[in-house]
Number of protein chains: 2
Amino acid sequence: MTPTPLRDLFQNNLQGDQELPAKQKQVLKAALDLFAAQGFENTTTKQIATLANVSEGTVYKRFKTKDQLLTAVLKPIINDVTPQMASEFKQVLTKRQFDSISDLIITIGQDRLQFVFDNQKELRILLGEILKKTERVKEFSQLLTTSIIPAVYNQFDQLKAHHKLVDWDNERIFQYIVSIILSYVTQIVMFSAQLDLTQILSDTAEFFERGLAPIE
Amino acid sequence: MTPTPLRDLFQNNLQGDQELPAKQKQVLKAALDLFAAQGFENTTTKQIATLANVSEGTVYKRFKTKDQLLTAVLKPIINDVTPQMASEFKQVLTKRQFDSISDLIITIGQDRLQFVFDNQKELRILLGEILKKTERVKEFSQLLTTSIIPAVYNQFDQLKAHHKLVDWDNERIFQYIVSIILSYVTQIVMFSAQLDLTQILSDTAEFFERGLAPIE
DNA sequence: AAAATTAGTGAGTGACGACTCACTTAAACT
DNA sequence: AGTTTAAGTGAGTCGTCACTCACTAATTTT
């Protein structure tokens, strides 16, 4: 079960379900690259037009405002990918029963880190936007809270019951795991770090296996 | 040894060593608040002037460009605080010998989290800037690398020698600790989270005491 | 007190950036 | 083929914003 890459969604159904003309795709592509490289407000519509090899009018044919263009670029992440990711995530968590905390970390981590790797640019823009509008994070984390967290906590409880996980608050355990995974995510998104994901995950898993072992 | 709060530096020597007139301080204060709340490019010099209750000309009297104003706002962090922080940090690390990993985490963590707490706004702007210009991070982390890291690693080595720390790469140990501390930092900076720093640190220390215990 | 220096003002300017529109070109439909 | 609809153009508009400047008010210097 590999995560659906953003690129696919881009090709197909960006604007609802209607196909986009070639030039409009070029516009989106150019906007994505420029927003990621220079940030939203430091990018002019002229720059986008030039990079996309179209006139400025073409940029405004489909996307009525610059803001709509931003939305269009982020839409796949926010509207399609996130729920999809959430459900894929949940599916893995509910289908299988993990027999150790490291098993869980490696399985989930592999999946998510790969996703981040594949969508660096988009995530970078998103991060910049989030910094400006903190409310957006709320929506985003709400999604996590409602769909993923219960499934994760359920796994934690199972592991605790089998005496394979320390008896701390689920929040606390979750925080530690997310912290470390996110620190690698940051390195990838911000500095395009070339990391050996497999190595990282097995190290991380080893560490948690010790730090989160049940008390004898 | 409490960290020097930014506010003090602000009052005293922002522009070299020359005292700033009252209205210029108002300008800096307004710029700080607006940059933190809306971001640099979404803030107009008119807004700054209005909030500071001065004319727009006054804004440009001392600070020739908007960019200089940003620099002036961030200067205390970049030029004064960071080296100061680094040296204070180093001093603690070289003066004392820590007798456990949790001792080290609680001492250093207390100090640094308090600092973040006291300088949320500035750090938030800095984070936004960093996202735009990744090179700046390099300078910043260079500073860490040269002055702090050796001292920390030295402590690690000592602990290892006394069989109080697992024999992993120092980089790896450092990464785990920083990750978790930074995740709390993020919560404070981005969402102004009201956290019980003491509780957090003792929990974190407990976790690391287990995860980083030497192998029997 | 006169002169000189610094602080502060606010209307004004020039540039640039988001967006428009009258028009051309191409495709789709009947 | 002729008509309608959509795609694409690029010169032009309009507003905003960073920045200036001629001027006044207040301090400092001598």
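Per chain, numbering begins at 1; letters A, B, ... match sequence-line order. As the structure is a computational prediction, the values presented were derived from the model and not from experiment. Because only heavy atoms are used, hydrogens play no part in the values below, and waters and symmetry mates are left out as well, while side chains stay in.
Using a distance-only test at 3.5 Å, with no hydrogens or angles considered, a donor-acceptor pair links the side chain of A/Gln47 to the main chain of A/Thr44.
Taking the ring centre of B/Phe40 as origin, the terminal cationic atom of B/Lys66 falls inside the region bounded by 6.0 Å and 45° from the ring axis.
Nearest-nucleotide positions on DNA chain C place A/Phe40 closer to the 5' end than the other of A/Lys61 and A/Phe40.
Taking five base pairs at each end of the helix from C/dA1-D/dT30 to C/dT30-D/dA1, the local helix axes there meet at an angle of 10°, rounded to 10°.
Ring-centre distance between B/Tyr176 and A/Phe207: below the 6.0 Å cut-off.
Salt-bridge formation is not detected for the pair A/Glu129/A/Arg124: no Lys NZ or Arg NE/NH1/NH2 atom is positioned less than 4.0 Å from an Asp or Glu carboxylate oxygen. Between B/Glu206 and A/Arg172, at least one side-chain nitrogen of the basic residue sits less than 4.0 Å from a carboxylate oxygen of the acidic one, meeting the salt-bridge criterion.
Contact annotation for B/Thr58: base contact, defined as any heavy-atom pair under 4.0 Å involving a base atom.
Taking atom CD on B/Glu41 and atom P on C/dG17, their separation rounds to 13 Å, with Å as the unit. Atom OH of A/Tyr60 and atom C1' of C/dT20 are 10 Å apart (whole Å). Look at CD on B/Glu56: it is 17 Å from C1' on C/dA7, rounded to the nearest Å. Protein atom CZ of B/Arg62 is 16 Å distant from nucleotide atom C1' of C/dT9, rounded to whole Å.
Residues from residues 45-55 of chain B placing a heavy atom under 4.0 Å of any atom in DNA chain C, listed by number, are B/Val54, B/Ser55.
Every residue two or more places apart in sequence or in another chain that forms a side chain to side chain donor-acceptor pair (under 3.5 Å) with A/Gln175 is listed here: B/Ser183, B/Gln187. Under the side chain to side chain donor-acceptor pair (under 3.5 Å) criterion, B/Gln97 pairs with no residue at all, not counting sequence neighbours. Among residues two or more places apart in sequence or in another chain, the side-chain contact (heavy atoms from CB on, under 4.5 Å) test is passed with A/Ile108 by A/Phe89, A/Val92, A/Leu93, A/Leu104, A/Arg112.
Side-chain contact, B/Asn53 with B/Gln26: no donor N or O sits under 3.5 Å from an acceptor N or O.
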Note to self: I'd like to know whether B/Leu70 forms a side-chain contact (heavy atoms from CB on, under 4.5 Å) with B/Ile125, so could you lay out the CA-CA distance, the side-chain angles of the two residues, the decisive distance to 0.1 Å, and finally the verdict.
What the structure shows: CA-CA 9 Å; B/Leu70 172 66; B/Ile125 301 171; 4.0 Å; yes
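Counting all heavy atoms, side chain and backbone alike, B/Gln120 lies closest to B/Val189 at O-CG1, 4.2 Å.
Contacts between chain A and DNA chain D, taken as any atom within less than 4.0 angstrom of a protein heavy atom, begin and end at D/dA7 to D/dG10.
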